[in-house]
S.K.: 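The structure's right below; bear with me while I get my questions together.
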Amino acid sequence: MKSILISAALILTLNISSAFSQTKTTVASNAADVMPLRTGESIPSLSLKNINGDDTDLTAVISQKPTVLIFYRGGWCPYCNLQLSGLQKIESDLTALGYQIIAISADKPEKIKETISKDILTYTILSDNNSAASTAFGLAFKVDDNTVEKYKGYKIDLEEASGNNNHILPVPAVYLIDTKGNIKFDYFNPDYKTRLDAAELLKAANESVK
């Protein structure tokens, strides 16, 4: 009987360890080396900031509805702004399928407010300016010093946008997540200029709810 209990305890321990094994802890040295969470895995528990700077439990929000979760670099990125505007155009279609849209940015809350106002976005955008979420999802990478300086030449100040000097950005990514936190679909591309087409996202969202 004692051996059975020990075995059961060991199995429980292994299961608990497995449940938390999806959380990533490493920041990649470049975008090509990221190792994101993939379809079939579960998302980690995370707290992010809303546009007012208040803590938001991502798991609690996702438990309310199936979610289209977007990671993007920041409002200073023209490719990100095109993607955000494209999402706005299909928001009603995604809502009709039962989804909510949550976007996660490396920008600080004040900068996200500017993005929402400029692009007239109606879905939720959360701040991950400390890079905790992008790191936990395995999307975070360190921007090299040469690129940081090159961005400054384009009047892009990563430190001013994020409010810190870690120079960490996420590889842009799209996830479809059910209310239990299970990833049903994933898309990421180290080339920040390449984003998931809105039609492809809708197709994946349709298939995911079947």
Side-chain angles (χ1 to χ4, degrees), residues 24-36 46-56 58 68-91 101-175 186-201:
K24 311 288 185 173
T25 58
T26 303
V27 175
S29 59
N30 59 73
D33 288 340
V34 299
M35 298 182 66
L46 291 165
S47 179
L48 298 101
K49 300 288 186 182
N50 64 18
I51 59 173
N52 297 315
D54 300 321
D55 291 333
T56 300
L58 182 64
V68 177
L69 187 68
I70 309 293
F71 279 87
Y72 74 97
R73 305 195 310 161
W76 49 267
C77 172
Y79 298 95
C80 293
N81 289 327
L82 282 173
Q83 182 182 26
L84 295 178
S85 297
L87 279 171
Q88 185 63 53
K89 291 177 182 178
I90 63 171
E91 183 187 23
I101 299 174
I102 299 176
I104 297 177
S105 172
D107 285 345
K108 59 188 178 183
E110 297 90 334
K111 287 295 182 181
I112 292 175
K113 276 186 177 181
E114 293 177 13
T115 298
I116 290 174
S117 176
K118 178 184 67 176
D119 295 334
I120 315 177
L121 305 175
T122 58
Y123 50 83
T124 299
I125 303 181
L126 300 175
S127 172
D128 181 40
N129 67 317
N130 64 2
S131 306
S134 61
T135 300
F137 272 76
L139 294 163
F141 72 97
K142 181 85 170 178
V143 181
D144 64 80
D145 292 342
N146 287 338
T147 301
V148 171
E149 291 304 313
K150 183 174 74 172
Y151 282 172
K152 287 180 180 179
Y154 295 125
K155 302 187 183 303
I156 297 170
D157 188 335
L158 296 183
E159 295 180 12
E160 200 275 333
S162 66
N164 60 54
N165 61 358
N166 64 16
H167 300 163
I168 295 174
L169 290 177
V171 165
V174 179
Y175 289 99
D186 69 86
Y187 174 89
F188 69 97
N189 195 320
D191 180 0
Y192 65 87
K193 296 179 181 179
T194 304
R195 306 298 171 98
L196 182 66
D197 182 79
E200 290 298 316
L201 174 56

S.K.: Does any non-hydrogen side-chain atom of R195 lie less than 4.5 Å from one of L82?
M.R.: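 Of all side-chain heavy-atom pairs linking R195 with L82, none is under 4.5 Å.
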
S.K.: Measure the spacing between CD1 of I116 and OG1 of T124 and express it to the nearest 0.5 Å.
M.R.: 8.0 Å

S.K.: Hey, does I104 have a side-chain heavy atom less than 4.5 Å from the side chain of F137?
M.R.: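 Heavy-atom side-chain distance check fails, nothing below 4.5 Å.
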
S.K.: Provide the full list of ring pair (Phe, Tyr, Trp, His ring centres under 6.0 Å) pairs with a residue in residues 146-166, sequence neighbours left out, each pair given once.
M.R.: W76-Y151

S.K.: Which residue is it: V174, I125, L196? I am looking for the one with a side-chain contact (heavy atoms from CB on, under 4.5 Å) to I70.
M.R.: V174

S.K.: Between Y123 (side chain) and L84 (backbone), is there a donor-acceptor pair under 3.5 Å?
M.R.: yes

S.K.: Mind checking the NE2-OG spacing from H167 to S162? Nearest 0.5 Å is all I need.
M.R.: 7.5 Å

S.K.: Taking all non-hydrogen atoms of both residues into account, name the closest pair between G75 and D107 and its distance.
M.R.: N-OD2, 2.7 Å

S.K.: Hey, what do you get for OG1 (T122) to CD1 (I101), rounding to the nearest 0.5 Å?
M.R.: 7.5 Å

S.K.: Compare every heavy atom of S127 with every heavy atom of P109, then report the nearest pair and how far apart it is.
M.R.: CD-OG, 3.5 Å

S.K.: Within the structure provided, determine whether P170 and D128 are in side-chain contact (heavy-atom separation under 4.5 Å).
M.R.: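 No, every pair of side-chain atoms sits at 4.5 Å or beyond.
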
S.K.: Within the structure provided, determine whether F141 and D33 are in side-chain contact (heavy-atom separation under 4.5 Å).
M.R.: no

S.K.: Give the C-alpha distance, both sets of side-chain angles, the deciding distance and a yes or no for salt bridge (charged side-chain N to carboxylate O under 4.0 Å, His left out) between K49 and D55.
M.R.: CA-CA 5 Å; K49 300 288 186 182; D55 291 333; 2.7 Å; yes

S.K.: Taking all non-hydrogen atoms of both residues into account, name the closest pair between A140 and V34 and its distance.
M.R.: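 Reported closest heavy-atom pair: O-CG1, 3.7 Å.
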
S.K.: When rounded to the nearest 0.5 angstrom, what is the spacing between CG in D186 and CG in L69?
M.R.: 11.5 Å

S.K.: Taking all heavy atoms of T135 and all of S131, pick out the closest pair and write down the distance.
M.R.: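 Closest approach of T135 to S131: OG1-O, 2.7 Å.
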
S.K.: Side chains of T115 and N81: closer than 4.5 Å at any heavy-atom pair?
M.R.: yes

S.K.: Which heavy-atom pair separates A132 from L46 by the least distance, and what is that distance?
M.R.: O-CD2, 4.1 Å

S.K.: Answer whether the closest heavy-atom distance between the side chains of L121 and L87 falls below 4.5 Å.
M.R.: no

S.K.: With heavy-atom distances below 4.5 Å as the criterion, would you say the side chains of T194 and Y187 are in contact?
M.R.: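 T194 reaches Y187 side chain to side chain.
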
S.K.: Kindly give the heavy-atom pair with the smallest separation between N166 and N129, and that separation in Å.
M.R.: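 Here N166 and N129 meet closest at ND2-O, 3.9 Å.
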
S.K.: For a salt bridge (charged side-chain N to carboxylate O under 4.0 Å, His left out) check, start with the C-alpha distance between K152 and E149, then their side-chain angles and the critical distance, and finish with the verdict.
M.R.: CA-CA 5 Å; K152 287 180 180 179; E149 291 304 313; 3.4 Å; yes

S.K.: Give, for atom CZ of F71 and atom OG of S134, the distance between the pair rounded to the nearest 0.5 Å.
M.R.: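 It comes to 6.5 Å.
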
S.K.: Donor-acceptor check, side chain of N52 to backbone of D54, threshold 3.5 angstrom: yes or no?
M.R.: no

S.K.: Taking the basic N atoms (NZ, or NE/NH1/NH2) and the acidic carboxylate oxygens, is any pair closer than 4.0 Å for E114 and K111?
M.R.: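 Answer for the salt bridge query: yes.
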
S.K.: Is it the case that more than 12 heavy atoms not belonging to K118 sit under 6.0 Å from its NZ atom?
M.R.: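 Yes, enclosed.
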
S.K.: Quick check for you: to the nearest 0.5 Å, what is the distance between N50 atom CG and L126 atom CG?
M.R.: 7.0 Å

S.K.: Check whether any side-chain heavy atom of Q88 lies under 4.5 Å from a side-chain heavy atom of D119, and answer yes or no.
M.R.: no

